[in-house]
Chemist: 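Got a structure for you, questions after.
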2 protein chains.
Amino acid sequence: MSRQENQRSAPAPGEGYGGRRAAEIVGITYRQLDYWARTGLIVPSLATATGSGSRRRYSYRDLLEMRAVKSLLDAGIRLELVREVFGYLRENLHEDVASVNLVISGKRSVLVQTGDEIIDLLAKGQGVLNILPLASVKAQVDAAIIELYPATASDADAGVADSVATGTA
Amino acid sequence: MSRQENQRSAPAPGEGYGGRRAAEIVGITYRQLDYWARTGLIVPSLATATGSGSRRRYSYRDLLEMRAVKSLLDAGIRLELVREVFGYLRENLHEDVASVNLVISGKRSVLVQTGDEIIDLLAKGQGVLNILPLASVKAQVDAAIIELYPATASDADAGVADSVATGTA
DNA sequence: GCCTCGAATTACGTCGATGTCACTCTCCGG
DNA sequence: CCGGAGAGTGACATCGACGTAATTCGAGGC
């Protein structure tokens, strides 16, 4: 939406991330990436697969989404719920990725900034709250890129390089 | 642990809840109750099954635990994680059920009282937090008992009858 | 333009968490 | 003491979310 990243028939090499690379960076298996792409959970936005032998191309933003999915899975959340959430998340996710928490309350999802809002939800809501700090998602992706492919680390937009110093692997 | 509720060979009729009843009150299918009992997730504490034709007997506390499980499932959490959590929960669950929140942070679980503690966990933790208010669990069980079987409603210990007024079904 | 390498695809298997259904056995009332 | 109702059991099927292995086919190097 900001750069010239509309679907191009031939993305420049080195632009975006291939399937295997993306899976490695995010920390999932290739099979998961493939399954997610086929079932429409995370479709590569630079280039989708067009048959055997073609290449998927994932944007940096795609990596963030995939990492968010993995974090939710690691937290014991079913993929089914993740699917529902991401419909909402994609519409409401802007550039302020690093300062927002995703809160899943039953069927609804909200993006909140402060912890006080969470306490509000806790007081009013009857059920379970699932909270994902998006800052950690970005930090983990950036750390993985730098560790695995330092050359392409420029994809992470500038100004957040300081928050990566915590990643250790 | 407080009353004389050790395993008795013949529990008095009307004491505790049978399998079908328990499932109805908690709001799960009988198959789920059965599966949970077989796999050791929630074992009826008054009388376990001893073969075809025998009867399971669930205590009120069992109902609370099952309702907690259902709430977590409804929130999109995998049963596998629930199993891990309940090992901890059973050890640390006291009479203050109505004022505590269960917080699942990765592999660890904690019981917290105030919302401030949750914000602390949010700031320090890297991953997802799952929060279950136990008060709502008790409220839902009590409401269901009163609506379905008002005669046996004395099983819910006194002093909480006021908190049931919110239940509507 | 061909050839190979790597990425996608297909086919098949698996495992957990149930739904369905027929069957068996215990308990309780008559 | 006997019969039926109801509760647990077993066998089988299902569905999502992958794992594994073999197969295919586009894309870039020569």
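All values below come from the heavy atoms of this structure, side chains included, with hydrogens, waters and symmetry mates left out. Protein chains get the first letters and strands the later ones, always in sequence-line order, with residue 1 at the start of each.
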Chemist: Supply the members, apart from A/V43, of the Ile/Leu/Val/Met/Phe/Trp/Tyr cluster built from side-chain contacts under 4.5 Å; use none for a lone residue.
Modeler: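 Grouped by the 4.5 Å side-chain rule, A/V43 forms a cluster of one, so the answer is none.
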
Chemist: Measure CG/A/L41 against P/D/dG16 and give the value in whole Å, please.
Modeler: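 These atoms are roughly 14 Å apart.
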
Chemist: For the residue pair B/N130 and A/A75, what are the closest heavy atoms and their distance?
Modeler: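 In terms of heavy atoms, the two residues are closest at ND2-O, 3.3 Å.
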
Chemist: Output the rounded distance in Å from CZ (B/R20) to C1' (D/dA5).
Modeler: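 Those two atoms, CZ and C1', are 11 Å apart.
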
Chemist: Considering residues at least two apart in sequence or located in another chain, which fulfil the side chain to side chain donor-acceptor pair (under 3.5 Å) criterion with A/R21?
Modeler: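 Applying side chain to side chain donor-acceptor pair (under 3.5 Å) to A/R21 gives A/Y149.
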
Chemist: Give a yes or no on whether a salt bridge exists between B/R20 and B/E24, defined as a side-chain N under 4.0 angstrom from a carboxylate O.
Modeler: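 No, this pair does not count.
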
Chemist: How close do A/L73 and A/R78 get, counting heavy atoms only, and between which atoms?
Modeler: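 Nearest heavy atoms, A/L73 then A/R78: CD2-C, 4.4 Å.
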
Chemist: By salt bridge (Lys or Arg N to Asp or Glu O under 4.0 Å), which residues pair with A/D120, not counting sequence neighbours?
Modeler: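 Once residues adjacent in sequence are excluded, A/D120 has no partner under the salt bridge (Lys or Arg N to Asp or Glu O under 4.0 Å) criterion.
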
Chemist: When the distance from CG of B/D34 to P of D/dG10 is rounded to whole Å, what number comes out?
Modeler: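 The distance from CG of B/D34 to P of D/dG10 comes to 10 Å, rounded to the nearest Å.
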
Chemist: With rounding to the nearest 0.5 Å, note down the distance linking CD in B/E84 to CG in B/L89.
Modeler: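 Nearest 0.5 Å value for the CD-CG distance: 13.5 Å.
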
Chemist: Summarise protein proximity over nucleotides 17-30 of chain C in one line of letters, 5' to 3': B for base, S for sugar-phosphate only, - for none, counting protein heavy atoms closer than 4.0 Å.
Modeler: BBBB---BBS----

Chemist: Taking salt bridge (Lys or Arg N to Asp or Glu O under 4.0 Å) as the definition, give me every residue that meets it alongside B/E80, ordered by chain and number, with sequence neighbours left out.
Modeler: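 So B/E80 forms no salt bridge (Lys or Arg N to Asp or Glu O under 4.0 Å) with any residue.
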
Chemist: Between B/R38 and A/T50, just flag the one whose closest nucleotide in DNA chain D comes earlier from the 5' side.
Modeler: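 The 5'-side residue here is B/R38.
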
Chemist: B/Y17 has an atom OH; how far is it from atom P of D/dA7, in whole Å?
Modeler: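 Spelled out: OH on B/Y17 to P on D/dA7 is 16 Å.
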
Chemist: Grab the stems for DNA chain C, please: at least three consecutive Watson-Crick or wobble pairs, both distances below 3.5 Å, written as range with range.
Modeler: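 C:1-30 with D:1-30 - these are the stems of 3 or more pairs that involve DNA chain C.
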
